[in-house]
There are 2 protein chains.
Amino acid sequence: MTGARRKTDSGYARGEETRARIIQVALALFGEHGFDGVSTRDIAAQAGVPAPSLQYYFDNKEGLYAACIADVQASAMNAVGPALDNLERLLASEASDNQLIDGYCAVLESFADFLFASPDAARRALFIKRRIMPMKSALMPREQWAKGPGARLHNCCIGIIARLSGGSTSEEESRMTAVAINGQLLTFHFSRDHLDYVLGYDEITGDRLAMLKRIVRRQTTLVFKGLKRPSKPQR
Amino acid sequence: MTGARRKTDSGYARGEETRARIIQVALALFGEHGFDGVSTRDIAAQAGVPAPSLQYYFDNKEGLYAACIADVQASAMNAVGPALDNLERLLASEASDNQLIDGYCAVLESFADFLFASPDAARRALFIKRRIMPMKSALMPREQWAKGPGARLHNCCIGIIARLSGGSTSEEESRMTAVAINGQLLTFHFSRDHLDYVLGYDEITGDRLAMLKRIVRRQTTLVFKGLKRPSKPQR
DNA sequence: ACACATTTTTATCGAATGGAATAAATGTTA
DNA sequence: TAACATTTATTCCATTCGATAAAAATGTGT
């Protein structure tokens, strides 16, 4: 936690609750309106605290934003970490192609749950989508990204492509192919603003989420199998 | 043009040039920082006009934003309209499955050119990505979207899915499947902020753009063929 | 050249913003 | 209970913001 006046190693439980409440409110508001579209007063009012509490807990608006990032990262890793762990184990072993593909689809499914399964999920996901930082370095630092769930997903996909194609696909093409493969699911997240236009509804839960998972699994499997080495030499 | 003090039916050429210059600057700045992250003074300074010129030409900040939207919509339709026209003709005729798939991939390729082929393209595309409006109705009205290139692409994809599957895919599943198919390309656009992280470079031009097109065509073709009615009954 | 139209410019406004400083209220522990 | 720690709340600041009104400058047509 950057520069806040509050000390984390000796705080009261009440302060911890207030801090968490502020973060949840900020997540929702930043997610809906972006960093610059929300004032510290907006956040404070909705969290039921006076505005200077934000300086007390987070030092400044950017510190609050950074705390939101950390919160979302943690919950994402919580949600998709186990499936990623399993897939990374498969990749490090002599697993069959079908096991790899199946493990990969399981990871995508855990991502889908994280992104869509609940209102809380939607709030976090919307925050992820609306990442606009007030500095030139609007992005997560590369090293931080490299430890996050998105990077691990990407790297696993590259690994599977290399396995399936027997090394005949260039590193560059593998990277691009991985982005395209994952785009089948991620595009639903990126398109949240107008899901109602393309799907006729804007919440993907229950049966709809199951359908989404089925579609993504089918298409991902098709694409992976199309990459297998002994397949269609003219491809 | 909404409510501006300037009259379009009787303006000078000089005014037209100034207006266009303001729009191009605003596109770039809004695309980079979002609506709330850019002040009217920022835009005016970079366009080389005093701030009240924005009120003169566009009535207010939102009017300028709306003009930017209109500009991007027009250029998108310019870029992808011909390929969409052709595909819609194919869909209205007895074209073969391969002709449909090929026509669809041609449309995706024209989208890729629009999104990535030039610095101007990147500016426009970044603006599209950062659509945050200052009102609750942050979105393009549904009727306006329905006339845009994204909607036409989506509807063509649904049409092709219906054709290939012989009507055995539900309307709801077709819609979702279409989003996933198009996500293979669109995700590159949505991920522009961190393309450097996933690909190792952040400009997709020249050979890289050709590779992207090849990958998208290959995967889209695989997925469409996987939808064909007489294929794999156990699928 | 002059009258009129359009565009640019200057000066100003009220409101909102992120934040600082300080005091008051509440919690914890001996 | 009192001393100390933490948290909450009030007051205030300087700056920035979108926008208005009016004047000055420039363009157009007769």
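The chains referred to below are lettered A, B, ... by the order of the sequence lines, with proteins before strands, and numbering in each begins at 1. Heavy atoms only: backbone and side chains are in, while hydrogens, waters and symmetry mates are out.
- Between the P atom of D:dT6 and the OH atom of A:Tyr12 lies a distance of 6 Å, rounded to the nearest Å.
- Checking the phosphate oxygens (OP1, OP2) of D:dA9, no side-chain nitrogen or oxygen of A:Tyr56 falls inside 4.0 Å.
- Looking only at side-chain heavy atoms (C-beta outward), B:Phe127 and B:Tyr65 come within less than 4.5 Å of each other.
- Judged as a side chain to side chain contact (heavy atoms under 4.5 Å, CB included), and not counting sequence neighbours, the contacts of A:Ala112 are A:Leu185, A:Leu209, A:Lys213.
- Rounded to whole Å, the distance from CD on B:Glu17 to P on D:dT26 is 16 Å.
- Applying the ring-ring contact (aromatic ring centres under 6.0 Å, His included) rule to A:Phe114 yields no partners; only residues at least two apart in sequence or on another chain are considered.
- A side-chain donor from one of A:Asp42 and A:Ser39 sits under 3.5 Å from a side-chain acceptor of the other.
- Evaluation of the side chain to side chain contact (heavy atoms under 4.5 Å, CB included) rule for A:Pro82 yields no partner, not counting sequence neighbours.
- For the pair B:Ala13 and A:Ala13, both in contact range of DNA chain D, the more 5′-proximal nearest nucleotide belongs to A:Ala13.
- Once you apply a 4.0 Å limit to the heavy atoms of chain B, the touched nucleotides of DNA chain C run 5' to 3' over C:dA5 to C:dA11.
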Would you give a per-nucleotide map of nucleotides 12-22 of chain D, 5' to 3', where B means the base has a protein non-hydrogen atom under 4.0 Å away, S means only the sugar-phosphate does, and - means neither?
-> B----BBBBB-
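- Annotation: side chain of B:Leu64 is not in contact with side chain of B:Lys61 (no heavy-atom distance under 4.5 Å).
- For A:Tyr104, the ring-ring contact (aromatic ring centres under 6.0 Å, His included) criterion is met by A:Phe224, not counting sequence neighbours.
- Between B:Leu199 and B:Ile204, the closest side-chain pair of non-hydrogen atoms falls below 4.5 Å.
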